Structures are given as C-alpha cells and as structure tokens.
Amino acid sequence: MEYYAIRHSAGLLDVSPLYKYRIRGKGALHLVNKVVTRDAAKLSKGQIYYTPWCDERGKTIDDGTLWNLGDGSFRLTAAEANLKWLQDAGMGLDVEVEDVSEEIGALALQGPSSRAILMEGADGAVEKLRYFRFVTTKFAGIPVTISRTGYTGDLGYEIWVERERAEALWDTLLEKGRGHDITPAGMLALDVARIEAGLILSEVEYKPSRKAIIDAQRYSPFELSLDWAVALDKGPFIGRKALLEENARGPSRRTVGLHIDWRSIERHYWEMGLPPQPPSKPWRDEVPLYSGYRQVGWATSGCWSPILKKYIAIATVAAPYSDLGTQVEIEVSVEWERHRVPATVVERPFFEPERKKA
C-alpha cells in the first residue's frame, strides 16, 4: 500500500535524519566549489544540485544535495556525518560551517497527487516550481521551504521546517491529503521506488571512502556512472587530479542497471514443483555476476518492480561489460539451490514518468 501510494497517489515519508550543513561567509562559494565535483558557480539562487564529493584519491566520500540559499550561503545535505571534513577543507577561508541537522525537520511528499496536496495548503506557491528548485512559503500557516526534490523518481517534493513545527506539519499534510489518498510510507516502499528510479545508495552501491577498508570498496564518481556530475573544467577541487587521470584512461568498472530474466527463474521453481515467487521485499546484497566462467561484477540492490512487472537490479560490472544490451548471468537461489540466470545491462532509470519533471 505504501509503495502504490508513492506511484499512484502520494506517500509521506520522514527524511529528517539527513545531515544538513549551512555554509556561509565570504568564502562560502570557494569552499563549496573546493569540495563538490559540480560547478557551484553555476548554481542559481533558489536552485539545487545533486552532487558527490571526493577525497584526494578521487573516491566518493558521500553524495547529496547542494542548495544556493540566495543570500550568499549554501546548504549541503548528506547521508553521512561530514562536519569535521567540511571544516578542515575550509581552513584558512572566511567561512563558517554549521551543523543544522537537529534544527530542521524534513518530510518527503512523493507521488502524482503531491502537487495537488501542496496546492491546497501552500496558496499555489508550488504551481510553477521547477525541478530541483525551491521556494519559501507557508503551508496551512506553518513557515516552510518546499523543494521539488525526492528519492523516488516520481513527481515529488520535500518540505523543510523548523523542528518545533515538524510534527504539526506532518499532521496538517495528512489532513490536507486525506482526499488524495495520502499514505505514510517507510523505508521498504522507498527502497523499491529508488531502485526503479535507478538511484544509488550509500553503504549499498558504494562504501563511503572514509569507511572503506580495501580499495575495491572505494568508488569514484566515474565508477558510479556519475560522469555528468563531475565538472573537471571548473578549476581546482579535492580529487580533481585523480579524476582527470581516471577520465583519461577510463574507469575500470561502471554502475549499471540490469533486467533479470524472470522466465528463467520461473523454470527453476517449476522444476522443483514450486510456484514462482518474486522477491516480496527489495534486497541489498552483493550477488555475483558472471560471463562464462569469469566473475565480472556483482549486483548491489534489486527488487521486483510492481509497476514495470520486471525483476530489476543495480549492479557494478567491469567496464567491458557495461555497454547497453550486454548479457551476463546472475546467481539466484531457489530453495537454497544456486542457479545462474541471464540478465541484460539496461539504461537507468528503469522508471521515469513524464510527470517527474513536468
């Protein structure tokens, strides 16, 4: 029910646990551009970037969103704690990095009815809000910032509010959304949606470089197939030298989408006298991928897509196997017996409705 609300009406999720950092001062833009891989100088007031950031070896520390708050300051959201690292990067600059994680609550309203719900309570402020932009307004009298962002690959918004008003905002959203079949949703529903959207997840698709034990656990943005989010021509930033070298030689592996052949899995169930059982929950495991006798990578997360009626996964593969249409094999288990079934490298996102950016 939670998943179908996200795809057919509206799901409401609490995303307050995200880390949030406010970066301000004369050196704010300098620090931000020194840290992230995208060109923050091109980030307009009221605009948001998705961006990774790297260590000196060009390996991804974390990924999140960067906001131009319009007053010379920026906000960075992250899945991992980055305060000390940001402060160290800002040494010698006229800049202040403040952890505002506990001060700001955040709710994600995702799904085709999300705009209609916000239109009822926010006096039309979101009517013309463009993708990855934000607006400061009030929702049913509660001061909020509404961003057209999310982690579901659907039409959706995130509503940012001071912590003291967060609970009231949750209740008000549920009240306003009652006629639109709004449904509180949790991590399992979100995970299916983000896999359908082809979005990577820290600690699943990659290990944050500071937590990695061996090099194989560290991923560059190029290995995560985030080439579009790396502005090598913007000037110096942390990790640029290593990324220039990697870009010249080409990454050794890539992050791709997979369509897993469900008919082949069905046959293994029938051969054992069992009805086929698609996975009831999204999974996050490293599942080996093969080409012949050679292991060429591993799937990192997957699910049965209810809206696509396909078995899909996000995977890491050696670069020669990353072209669209490449055939590999993935391990599956049926009653604890291991088998290999065909899987095809496909483009991500798996699901991208027009309403997402309309």
Side-chain angles (χ1 to χ4, degrees), residues 18-104 106 130-136 145 147-149 158 160 200 202 206 208-212 218-224 226-248 251:
L18 284 170
Y19 288 94
K20 314 164 197 82
Y21 302 105
R22 186 179 178 98
I23 303 169
R24 56 187 169 187
K26 292 181 180 179
L29 177 58
H30 188 167
L31 172 59
V32 167
N33 242 354
K34 176 182 177 181
V35 169
V36 302
T37 59
R38 297 191 70 177
D39 189 352
K42 296 180 179 179
L43 184 65
S44 304
K45 295 178 180 179
Q47 186 181 6
I48 303 169
Y49 273 168
Y50 164 81
T51 182
W53 48 97
C54 299
D55 60 21
E56 292 287 358
R57 294 170 292 183
K59 300 302 183 181
T60 306
I61 291 175
D62 202 351
D63 64 314
T65 58
L66 176 66
W67 301 45
N68 184 339
L69 298 177
D71 58 358
S73 66
F74 297 84
R75 179 191 295 163
L76 190 68
T77 69
E80 301 285 325
N82 283 268
L83 179 62
K84 182 66 165 58
W85 185 78
L86 288 168
Q87 290 174 334
D88 287 348
M91 289 283 287
L93 298 176
D94 182 4
V95 64
E96 177 188 357
V97 182
E98 182 183 5
D99 186 346
V100 294
S101 304
E102 295 295 324
E103 298 174 17
I104 302 173
R130 294 162 59 197
Y131 190 56
F132 267 71
R133 302 298 197 280
F134 68 89
V135 63
T136 299
T145 298
S147 61
R148 193 167 168 187
T149 51
E158 290 174 316
W160 308 77
I200 62 171
S202 173
Y206 74 95
S209 65
R210 289 175 296 178
K211 291 185 175 182
R218 299 181 176 92
Y219 283 71
S220 74
F222 294 132
E223 291 174 311
L224 292 171
L226 294 175
D227 310 45
W228 59 272
V230 181
L232 291 173
D233 58 351
K234 72 170 181 175
F237 63 91
I238 298 173
R240 179 174 181 264
K241 182 176 183 295
L243 290 172
L244 280 168
E245 293 172 356
E246 183 181 13
N247 187 54

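Note that the structure is a prediction, hence the values are computed from the model and not measured. Because only heavy atoms are used, hydrogens play no part in the values below, and waters and symmetry mates are left out as well, while side chains stay in.
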- Is Glu98 salt-bridged to Arg24, cutoff N-O under 4.0 Å?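 Salt bridge present between Glu98 and Arg24.
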- Item | Electrostatic pair Glu102-Lys20, nearest N-O below 4.0 angstrom |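 Between Lys20 and Glu102 there is no salt bridge, as every charged N stays at least 4.0 Å from the carboxylate O atoms.
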- Query: Which of these passes side chain to side chain contact (heavy atoms under 4.5 Å, CB included) with Phe74: Val97, Val95, Leu66?
  - Reply: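 With Phe74 as partner, side chain to side chain contact (heavy atoms under 4.5 Å, CB included) holds for just one option, Leu66.
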Is a side-chain N or O of [X] found less than 3.5 angstrom from the main chain of [Y], in a donor-acceptor match?
| X | Y | result |
| --- | --- | --- |
| Thr60 | Cys54 | no |
| Lys34 | Ala89 | yes |
| Thr65 | Tyr50 | no |

- Task: Kindly indicate, with the supporting measurements, whether the criterion side chain to side chain contact (heavy atoms under 4.5 Å, CB included) is fulfilled by Leu43 and Val32.
- Result: CA-CA 11 Å; Leu43 184 65; Val32 167; over 6 Å; no
- Considering residues at least two apart in sequence or located in another chain, which fulfil the salt bridge (charged side-chain N to carboxylate O under 4.0 Å, His left out) criterion with Asp71?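 Result, salt bridge (charged side-chain N to carboxylate O under 4.0 Å, His left out) vs Asp71: Arg22.
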- Message: Once salt bridge (charged side-chain N to carboxylate O under 4.0 Å, His left out) is applied, do any residues pair with Arg218, and if so which ones, sequence neighbours excluded?
- Response: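 Once residues adjacent in sequence are excluded, the partners of Arg218 under the salt bridge (charged side-chain N to carboxylate O under 4.0 Å, His left out) criterion are Asp215.
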Atom pair [atom1]/[atom2] of [X] and [Y] - distance to nearest 0.5 Å:
| X | Y | atom1 | atom2 | value |
| --- | --- | --- | --- | --- |
| Leu226 | Glu223 | CG | CD | 11.0 Å |
| Leu232 | Asp227 | CG | CG | 9.5 Å |
| Asp99 | Gln87 | CG | CD | 9.0 Å |
| Arg57 | Ile238 | CZ | CD1 | 13.0 Å |
| Thr77 | Leu18 | OG1 | CG | 5.5 Å |
| Lys42 | Asn68 | NZ | CG | 15.0 Å |

- Task: Kindly indicate whether the side chain of Arg38, heavy atoms from C-beta on, has any atom under 4.5 Å from the side chain of Trp228.
- Result: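 They are in contact (side-chain heavy atoms under 4.5 Å apart), so the answer is yes.
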- Query: Considering only heavy atoms from C-beta outward, does the side chain of Lys234 approach that of Val36 to under 4.5 Å?
  - Reply: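 Heavy-atom side-chain distance check passes, below 4.5 Å.
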- Message: Can a side-chain donor-acceptor contact be found between Asp63 and Tyr206 if the only test is distance below 3.5 angstrom?
- Response: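 Yes.
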Smallest separation among heavy atoms of [X] and [Y], with atom names:
| X | Y | value |
| --- | --- | --- |
| Val230 | Phe237 | CG1-CZ, 4.4 Å |
| Gly58 | Ala242 | N-CB, 3.8 Å |
| Arg240 | Gly235 | CD-O, 3.0 Å |
| Pro221 | Thr37 | CG-CG2, 4.4 Å |
| Gly64 | Trp53 | N-CZ3, 3.4 Å |
| Ser220 | Lys59 | N-CD, 3.8 Å |

- Mind checking side chain to side chain contact (heavy atoms under 4.5 Å, CB included) for Glu245 and listing every partner two or more places apart, or none if nothing turns up?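 Per chain and number, Glu245 pairs via side chain to side chain contact (heavy atoms under 4.5 Å, CB included) with Lys241, Arg249.
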- Six-ring centre of Tyr131, Arg148 cation under 6.0 angstrom, axis tolerance 45°: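 No, Arg148 does not sit over the ring of Tyr131.
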- Can you name the side-chain hydrogen bond (donor to acceptor under 3.5 Å, both in side chains) partners of Thr149, sequence neighbours left out?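 So Thr149 forms a side-chain hydrogen bond (donor to acceptor under 3.5 Å, both in side chains) with Ser147, Glu158.
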- Task: Go through the structure and list residues passing side-chain hydrogen bond (donor to acceptor under 3.5 Å, both in side chains) with Asp39, not counting sequence neighbours.
- Result: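 Asp39: side-chain hydrogen bond (donor to acceptor under 3.5 Å, both in side chains) contacts with Asn33.
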- side chain to side chain contact (heavy atoms under 4.5 Å, CB included) between Arg75 and Ile104, intermediate numbers included: CA-CA 11 Å; Arg75 179 191 295 163; Ile104 302 173; 3.6 Å; yes
- Query: Under the side chain to side chain contact (heavy atoms under 4.5 Å, CB included) criterion, do Arg133 and Gln47 qualify, and how do the steps go?
  - Reply: CA-CA 4 Å; Arg133 302 298 197 280; Gln47 186 181 6; 3.8 Å; yes
- Going through the checks in order, is the side chain to side chain contact (heavy atoms under 4.5 Å, CB included) test met by Leu83 and Tyr21? CA-CA 7 Å; Leu83 179 62; Tyr21 302 105; 3.6 Å; yes
- Item | Residue list, ring-ring contact (aromatic ring centres under 6.0 Å, His included) with Trp160, at least two apart or on another chain |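 So Trp160 forms a ring-ring contact (aromatic ring centres under 6.0 Å, His included) with Trp67.
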- Only one of Asn82, Asp62, Asp55 forms a side chain to side chain donor-acceptor pair (under 3.5 Å) with Arg210, so which one is it?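 Result: among Asn82, Asp62, Asp55, Asn82 is the only option passing the side chain to side chain donor-acceptor pair (under 3.5 Å) with Arg210.
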